[in-house]
There are 2 protein chains.
Amino acid sequence: MIGYSPSETARLSGFSLDTLRYYEKIGLLSGVGRTSGGRRVFTDDDLGWLGLFRCLRDTGMPIAQMCRYAELAREGEHTARERQELLERHAERVEEQMALLRRQYDHLRDKIRYYQGVAEGVRAR
Amino acid sequence: MIGYSPSETARLSGFSLDTLRYYEKIGLLSGVGRTSGGRRVFTDDDLGWLGLFRCLRDTGMPIAQMCRYAELAREGEHTARERQELLERHAERVEEQMALLRRQYDHLRDKIRYYQGVAEGVRAR
DNA sequence: TTCCAACCTGGAGCGCGCTCCAGGTCAAGC
DNA sequence: GCTTGACCTGGAGCGCGCTCCAGGTTGGAA
């Protein structure tokens, strides 16, 4: 189990140093190790969590809900069911989000096709 | 060409009254009509614009860019090309956004499947 | 005529998710 | 030992996109 410096972790996770500190401050990331001098040392496990947070953030989960998830995980195995449900509800919202995005993307493409039509009309005349 | 009251417009567009006023204030929506008493009267054209704004917002376009688009449209036909390019660049970003969302959704589904495995006896984080 | 709900304006406030800053500490290389 | 850059903490600030508020006006129904 190797340790990663803050800047390495930032690079590997794609989160900024400030965001890493922020996530720890609000209790999203907990139990981050320190050197004798007080500097953070992140583990592969921490990187695993950060990967999950990246996934959840990219799919639009609010931070408060990620905190809830992390808290449940800390409580132990008996919360597995609840965590699963939380993720499933989120996945459903993501499905809706994807459907909306696709619909609006199609509208956007229609609009662009309209501009292409205008361009051809001008050329025809 | 009928006119719509603010509350009707809010209902039809899905934007709140405050948001309609805000969009006018920042110059996104311009030339909104008034009654003699100073109340807003929205037209079908305004609703068309609001529909476009809804599409652009839902696909993540920043308001500043929508303002830019609206401004170009006000300048006349000779900006059509630039408007088209603006929309095309946006559409490309939306494609990336959709691809990312799909990728992260798949990760999320993996994670959920993992929990389903736990229910069958495997150990989870 | 009176009522009251819908509307007006200008401007302050908010929730989110960071991001930046001041003022200090730590540790690797010269 | 000294320099330098990465890191520390607590807390303030920011950008976005609204949202709310105070205090006043309008206009259709009873």
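Convention: sequence-line order gives letters A, B, ...; per-chain numbering from 1.
Within the 4.0 Å cut-off from OP1 or OP2 of D:dC7, at least one side-chain nitrogen or oxygen of A:S5 is found. The phosphate of D:dC7 has neither OP1 nor OP2 within less than 4.0 Å of any side-chain N or O from A:R40.
Following rounding to the nearest Å, A:L20 (CG) and D:dA6 (C1') show an atom-to-atom distance of 14 Å. Rounded to an integer number of Å, the gap from CD of B:E8 to P of C:dA6 is 13 Å. With rounding to whole Å, B:E24 atom CD is found 11 Å from C:dT9 atom C1'. The nearest whole Å value for the distance from the CZ atom in A:R34 to the C1' atom in D:dC8 is 8 Å.
Using a 4.5 Å heavy-atom threshold, the side chains of B:L56 and A:L108 count as touching.
Take B:Q97 and apply the side-chain contact (heavy atoms from CB on, under 4.5 Å) test, not counting sequence neighbours, and it matches A:L101, B:V94. Residues passing the side-chain contact (heavy atoms from CB on, under 4.5 Å) test with B:S13, sequence neighbours excluded: B:F15, B:L20, B:L47, B:L50. The side-chain contact (heavy atoms from CB on, under 4.5 Å) check on B:R40 picks up B:P6, B:R21, B:E24, B:V32, B:R34, B:F42, with sequence neighbours excluded.
One finds a salt bridge joining A:R113 and A:D110 here, because a Lys/Arg side-chain nitrogen approaches an Asp/Glu carboxylate oxygen to under 4.0 Å.
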Solution key, residues 69-77 of chain B side-chain donor-acceptor pairs under 3.5 Å, sequence neighbours excluded:
residue: B:Y69; atom: OH; partner: A:Y115; partner atom: OH; Å: 2.5
residue: B:R74; atom: NE; partner: B:S30; partner atom: OG; Å: 3.0
residue: B:R74; atom: NH2; partner: B:G27; partner atom: O; Å: 2.6

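Looking at B:E88, B:R93, B:E92 one by one, the single match for side-chain contact (heavy atoms from CB on, under 4.5 Å) with B:H90 turns out to be B:R93.
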Query raised in the report: Taking protein heavy atoms under 4.0 Å as touching, what does nucleotides 23-30 of chain D look like 5' to 3' if B marks base contact, S marks sugar-phosphate-only contact and - marks none?
Result: --BBS---
Query raised in the report: Which letters describe nucleotides 17-22 of chain C, given B = protein heavy atom under 4.0 Å from base, S = only from sugar-phosphate, - = neither?
Result: BBBB--
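If you check the side chains of B:T79 and B:R83, you find a donor sitting under 3.5 Å from an acceptor.
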